[in-house]
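The structure appears below as structure tokens.
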Amino acid sequence: LWPFYSTGWSASAANGRSAALAYSKNTSVPVNGDTGWTKYVLDAGGARLEQPTCWRQPHNQSTIMCYIRSEDGKHIYETDSTDEGKSFSKPQPTKLPNPNSGIEGFPLLSRNLVLLFNPTQITPVSRGRNPLAAGISSDDGKTWKQRDVQNGPTGMPSLGEDQFSYPSVLQTSDGTI
């Protein structure tokens, strides 16, 4: 499964962008353009979604979950697949806030999930990309415990336009996140 967002091949994409997924049983990475890959745009029902982050659910390996950045500046959206990524449910907003910023999720060795995101919304005076938080879920994303990873350059709440955008997360074989 290869999550990405399209800036051109979908006429139905809002503002020329939309969350998209591609899958292949034979090829580990896209080669020669689209050869060996089936791609499609998620039916977002009018929501402007992009940059999905996907994982296989730790407690239900037959389900692939994707969280998706929303351009509405309000929430992270979610969608899931139970057929190995050939189709996905219609994306729905989660309770997790998001100010139209990148997110990254990863299944941990402990069978928990970690999600890096900005737990804010866009306001008239801020893009909302501060603080950066880590959420941990022990129930496949149904609930999240959250703590700030970075809150302003000094650890104090920022009063300016500091940003912590486009996070990435992984876990090494020794368990370090």
Side-chain angles (χ1 to χ4, degrees), residues 1-30 34 36-122 128 133-146 165-171:
L1 182 69
W2 179 42
F4 65 100
Y5 76 102
S6 171
T7 58
W9 57 262
S10 169
S12 65
N15 296 328
R17 288 186 273 183
S18 60
L21 298 157
Y23 69 91
S24 172
K25 287 190 173 199
N26 304 327
T27 309
S28 62
V29 294
D34 300 330
W37 285 82
T38 301
K39 63 183 179 179
Y40 58 92
V41 172
L42 290 173
D43 175 8
R48 297 182 334 231
L49 306 178
E50 60 182 56
Q51 299 174 325
T53 180
C54 303
W55 58 84
R56 192 172 294 279
Q57 290 287 41
H59 297 97
N60 182 358
Q61 292 283 301
S62 65
T63 299
I64 297 171
M65 176 64 72
C66 296
Y67 275 23
I68 311 167
R69 168 185 178 174
S70 171
E71 289 185 16
D72 72 5
K74 295 179 182 175
H75 296 97
I76 294 171
Y77 277 65
E78 68 180 2
T79 182
D80 67 350
S81 172
T82 57
D83 60 7
E84 295 298 306
K86 294 180 183 118
S87 65
F88 279 82
S89 62
K90 183 175 178 181
Q92 299 293 322
T94 69
K95 293 180 182 178
L96 298 171
N98 182 260
N100 185 21
S101 64
I103 57 177
E104 179 76 2
F106 193 82
L108 301 174
L109 297 173
S110 64
R111 298 183 67 198
N112 290 333
L113 296 170
V114 62
L115 179 71
L116 293 183
F117 68 109
N118 301 105
T120 59
Q121 295 183 346
I122 294 174
I136 299 288
S137 176
S138 60
D139 57 8
D140 287 348
K142 292 177 185 72
T143 60
W144 294 91
K145 294 179 183 173
Q146 169 191 321
S165 307
Y166 304 99
S168 185
V169 64
L170 58 84
Q171 185 175 37

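Not measured: the values here are computed from a predicted model.
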(message) Under 4.0 Å between a side-chain nitrogen and a carboxylate oxygen: does that hold for Glu104 and Arg69?
(response)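 No, no charged N to carboxylate O under 4.0 Å.
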Please round to the nearest 0.5 Å and tell me the distance separating atom [atom1] of [X] and atom [atom2] of [Y].
{"X": "Met65", "Y": "Ser89", "atom1": "CE", "atom2": "OG", "value": "7.0 Å"}
{"X": "Ile136", "Y": "Leu115", "atom1": "CD1", "atom2": "CG", "value": "9.0 Å"}
{"X": "Glu71", "Y": "Tyr77", "atom1": "CD", "atom2": "OH", "value": "11.0 Å"}
{"X": "Glu50", "Y": "Leu42", "atom1": "CD", "atom2": "CG", "value": "12.5 Å"}

(request) Return the set of residues passing salt bridge (Lys or Arg N to Asp or Glu O under 4.0 Å) with Arg111 (not counting sequence neighbours), or none when no residue passes. (result)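 For Arg111 there are no salt bridge (Lys or Arg N to Asp or Glu O under 4.0 Å) partners, ignoring immediate neighbours.
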Note, [X] side chain near [Y] side chain (heavy atom, < 4.5 Å):
{"X": "Phe106", "Y": "Leu116", "answer": "no"}
{"X": "Phe117", "Y": "Pro119", "answer": "yes"}
{"X": "Ile103", "Y": "Leu96", "answer": "no"}

Taking all non-hydrogen atoms of both residues, which atom of [X] and which atom of [Y] are closest, and how far apart?
{"X": "Pro167", "Y": "Gly102", "answer": "CD-O, 3.4 Å"}
{"X": "Cys54", "Y": "Ile64", "answer": "CB-CG2, 4.4 Å"}
{"X": "Ile68", "Y": "Pro52", "answer": "CG1-CB, 4.0 Å"}
{"X": "Gln121", "Y": "Pro97", "answer": "CG-CB, 4.1 Å"}
{"X": "Ser81", "Y": "Lys86", "answer": "OG-N, 4.1 Å"}
{"X": "Pro107", "Y": "Leu113", "answer": "CA-CD2, 3.7 Å"}

(request) Decide whether Thr82 and Thr63 meet the rule of one side-chain donor and one side-chain acceptor closer than 3.5 Å. (result) no
(message) Less than 3.5 Å apart, any donor N or O on the side chain of Asp72 or Ser70 sitting next to an acceptor on the other?
(response) yes
(message) Just to verify, what does Tyr67 make a side chain to side chain donor-acceptor pair (under 3.5 Å) with, not counting sequence neighbours?
(response)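 Tyr67 satisfies side chain to side chain donor-acceptor pair (under 3.5 Å) with Trp144 only.
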(request) Mind checking side chain to side chain contact (heavy atoms under 4.5 Å, CB included) for Asp140 and listing every partner two or more places apart, or none if nothing turns up? (result) Gln57, Pro58, His59, Asn60, Lys142
(request) Return yes if some donor-acceptor pair links the side-chain N/O of Thr94 with the main-chain N/O of Ile76 below 3.5 Å, else return no. (result)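 Confirmed, Thr94 side chain pairs with Ile76 backbone.
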(message) For Ala133, is there any backbone N or O sitting under 3.5 Å from a side-chain donor or acceptor partner on Gln146?
(response) no
